[in-house]
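So the structure is just underneath, and the comments pick up after that.
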Amino acid sequence: LVLTSLTEPLIGALAEAKAQGIVQVDTAGSAAMTLITLVQNVHHIPERSLTMSRQDYVRQLVDMLLYGILTRERTPSLN
């Protein structure tokens with residue numbers, strides 16, 4: 001129930017973003033679970049190992065997921 005309450009809004013948001021041409025994702029459920037997993041796992045990192053706040057760490061990981069880590073010149077076409 002908790003997982004569903006987390007995934008359903010994300011799936012809806014991703015579907016809306018796809019409809020608007022903002023994102024290209026064929027499996028919104030997998031993308032939603034990836035986002036949730038990233039956030040959950042940040043809470044398992046020992047405090048002494050963090051080099052930034054957990055909130056900043058989550059932002060950085062989400063940015064990497066959404067924007068990728070390749071430079072735009074090297075990013076292969078998704079079409």
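We number each residue from 1, following the sequence as shown.
- From Gln40, atom CD reaches atom CG of Leu3 across 7.5 Å, with rounding to the nearest 0.5 Å.
- The two atoms that bring Leu38 and Leu61 nearest to each other are CD1-O, 4.0 Å, heavy atoms only.
- Side-chain atoms of Asp26 and Lys18, non-hydrogen and from C-beta on, do get closer than 4.5 Å to each other.
- Leu14 and Val62 are assigned to two separate hydrophobic clusters, defined by single-linkage of ILVMFWY side chains at heavy-atom distances under 4.5 Å.
- The hydrophobic clustering, which links ILVMFWY residues whose side-chain heavy atoms are closer than 4.5 Å, places Ile11 and Val25 apart.
- Cluster annotation: Leu10 is connected to Val42 through the hydrophobic network of ILVMFWY side chains, with a link wherever side-chain heavy atoms come within less than 4.5 Å.
- Leu65 CG to Gln60 CD: the interatomic distance, rounded to the nearest 0.5 Å, is 13.0 Å.
- Across all non-hydrogen atoms, the minimal contact from Arg59 to Gln55 is NH2-NE2, 2.8 Å.
- A distance of 9.0 Å separates OG1 of Thr51 from CD1 of Ile45, quoted to the nearest 0.5 Å.
- Across His43 and Arg54, no two heavy atoms sit closer than the pair CA-NH1, 3.8 Å.
- By the criterion of side-chain heavy atoms lying less than 4.5 angstrom apart, applied directly or through intervening Ile, Leu, Val, Met, Phe, Trp or Tyr residues, Met64 is grouped together with Met52 in one hydrophobic cluster.
- A single hydrophobic cluster is not seen to contain both Ile36 and Val23; linkage of ILVMFWY side chains at heavy-atom distances under 4.5 Å, directly or through other members, places them apart.
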